[in-house]
Amino acid sequence: MKRIALLMSLIVCAFALNAQDIVFTQVDTNKMSKIVFEKTVHDYGTIARGSKGTCKFIFSNKGKVPLLLSAVKASCGCTTPAWSKEPVAPGKTGEITVRYNTDIPGKFSKSVTVSSNAVNPTMVLQIKGEVK
C-alpha cells in the first residue's frame with residue numbers, strides 16, 4: 001500500500017513539474033501587436049434627449065505584427081459599437097465608433113470591451129454622461 005502511495009505521489013509530482021514548464025513559458029511580445037488608445041473614456045457631459053450620441057475611440061498598433069480586433073462588445077443594448085474588421089498594420093491607426101441611445105433620459109455609464117490579438121488582449125472603453 002505504501003508503494004502505491006509513493007508511486008502515485010511521484011506521478012503527481014512529474015505532472016506538476018511538466019505543468020510548470022508549460023505555465024512559465026514566456027511569450028515573445030516582440031512578435032505580437034499592441035493596441036494603444038488615444039483615450040479610453042469619453043464623457044458626453046450633458047446632452048439633449050434625441051441628440052447624436054456618437055463618439056470615436058482612435059487606436060494605434062504599436063506592435064510588430066498586424067492587429068486584429070476579434071470582438072467589440074457593449075455592456076448593454078443601448079450602446080452600439082462599430083469597427084473595421086480589417087487588420088491594422090504596425091504603426092497604423094484604426095477606430096471604434098460607439099453610439100449611445102440618447103432617447104433614454106438620465107445619467108449613464110457604459111462600457112465597451114475590446115478583444116484582440118494584442119499583447120494586451122482585452123481593453124475596456126467607457127462612455128458616460130447625462131441625457132436631459
Side-chain angles (χ1 to χ4, degrees):
M1 192 59 126
K2 289 181 182 180
R3 288 182 189 180
I4 293 173
L6 178 62
L7 180 61
M8 292 302 290
S9 296
L10 290 173
I11 291 172
V12 169
C13 287
F15 280 117
L17 290 174
N18 190 27
Q20 278 185 334
D21 289 342
I22 294 169
V23 172
F24 293 115
T25 302
Q26 290 186 335
V27 174
D28 186 358
T29 57
N30 290 325
K31 295 180 182 175
M32 297 182 75
S33 56
K34 182 177 182 184
I35 189 168
V36 177
F37 283 91
E38 288 181 359
K39 64 179 181 177
T40 57
V41 177
H42 179 79
D43 189 348
Y44 287 91
T46 302
I47 56 176
R49 187 172 182 181
S51 64
K52 185 178 176 183
T54 303
C55 68
K56 292 185 180 191
F57 290 93
I58 308 297
F59 62 89
S60 300
N61 179 1
K62 300 290 186 181
K64 302 207 187 262
V65 299
L67 171 68
L68 183 60
L69 303 184
S70 54
V72 179
K73 296 181 181 180
S75 59
C76 75
C78 60
T79 306
T80 308
W83 70 100
S84 171
K85 310 304 188 268
E86 298 298 318
V88 178
K92 300 296 180 181
T93 62
E95 67 182 36
I96 298 171
T97 303
V98 177
R99 183 183 168 282
Y100 179 73
N101 181 358
T102 59
D103 289 332
I104 305 167
K107 289 185 178 185
F108 64 91
S109 178
K110 306 296 177 184
S111 64
V112 175
T113 303
V114 180
S115 300
S116 71
N117 66 332
V119 67
N120 48 337
T122 305
M123 299 285 296
V124 178
L125 308 174
Q126 182 185 13
I127 61 170
K128 60 184 179 176
E130 182 175 8
V131 177
K132 290 282 186 175

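This one's a predicted model, so the numbers in the text were calculated from it and none came from an experiment.
Val72 is not listed as a side-chain neighbour of Thr113, based on a closest heavy-atom distance of 4.5 Å or more. Counting heavy atoms from C-beta outward, Val124 and Val112 have side chains that stay 4.5 Å or more apart. Residues Lys132 and Ile47 are not in side-chain contact: their nearest non-hydrogen atoms beyond the backbone lie 4.5 Å or more apart. Looking only at side-chain heavy atoms (C-beta outward), Arg49 and Thr102 stay at 4.5 Å or farther from each other. Proximity of Thr79 to Ile127: side-chain heavy atoms (C-beta onward) are separated by under 4.5 Å at one or more points. With contacts defined as side-chain heavy-atom distances shorter than 4.5 Å, the pair Lys110/Cys76 qualifies. Under the 4.5 Å side-chain criterion, counting only non-hydrogen atoms from C-beta, Phe59 is not in contact with Leu125.
The cluster map of Ile, Leu, Val, Met, Phe, Trp and Tyr, joined by side-chain heavy atoms under 4.5 Å apart, puts Phe57 and Tyr44 in the same cluster. Criterion: ILVMFWY side-chain heavy atoms under 4.5 Å apart, direct or through other members. Under it, Trp83 and Phe37 are part of a common hydrophobic cluster. Hydrophobic cluster membership is shared by Val131 and Ile104, with clusters built from Ile, Leu, Val, Met, Phe, Trp and Tyr side chains linked at under 4.5 angstrom.
The 12-atom threshold is exceeded at NZ of Lys85, counting heavy atoms of other residues, nucleotides or ligands nearer than 6.0 Å.
Not one N or O on the side chain of Asn61 forms a donor-acceptor pair closer than 3.5 Å with the backbone of Gly91. Between the side chain of Thr54 and the main chain of Arg99, no donor-acceptor pair closer than 3.5 Å is present. With Ser116 contributing its side chain and Leu69 its backbone, the two residues share no donor-acceptor pair below 3.5 Å. Between the side chain of Asn120 and the backbone N or O of Ile35, at least one donor-acceptor pair lies under 3.5 Å. In this structure, Asn117 contributes its side chain and Pro66 its backbone to a donor-acceptor pair below 3.5 Å.
Considering NZ of Lys64 and NZ of Lys34, their distance stands at 11.5 Å, rounded to 0.5 Å. Taken from OG in Ser115 to CG in Leu68, the straight-line distance is 11.0 Å, to the nearest 0.5 Å. Once rounded to the nearest 0.5 Å, the distance linking NZ of Lys56 with CD of Glu95 reads 4.0 Å. Within the model, atoms SG of Cys78 and CG of Asp103 stand 11.0 Å from one another, a figure rounded to the nearest 0.5 Å.
The minimum heavy-atom distance between Thr93 and Ser60, with the atom names listed, is CG2-OG, 3.4 Å. For the pair Pro121 and Val119, the tightest heavy-atom approach, listed with the atom from each and the gap, is CD-O, 3.1 Å. Taking all atoms of both residues into account, the shortest heavy-atom contact from Met123 to Thr40 is CE-CG2, 4.5 Å. Minimum heavy-atom separation, Ala118 to Leu67: CB-CD1, 3.9 Å.
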Show, in sequence, the C-alpha distance, side-chain angles and deciding distance for Gln126 and Ser109, and conclude whether the side-chain hydrogen bond (donor to acceptor under 3.5 Å, both in side chains) test is met.
CA-CA 7 Å; Gln126 182 185 13; Ser109 178; 2.7 Å; yes
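Residues that satisfy the side chain to side chain donor-acceptor pair (under 3.5 Å) test with Lys39, not counting sequence neighbours, are His42.
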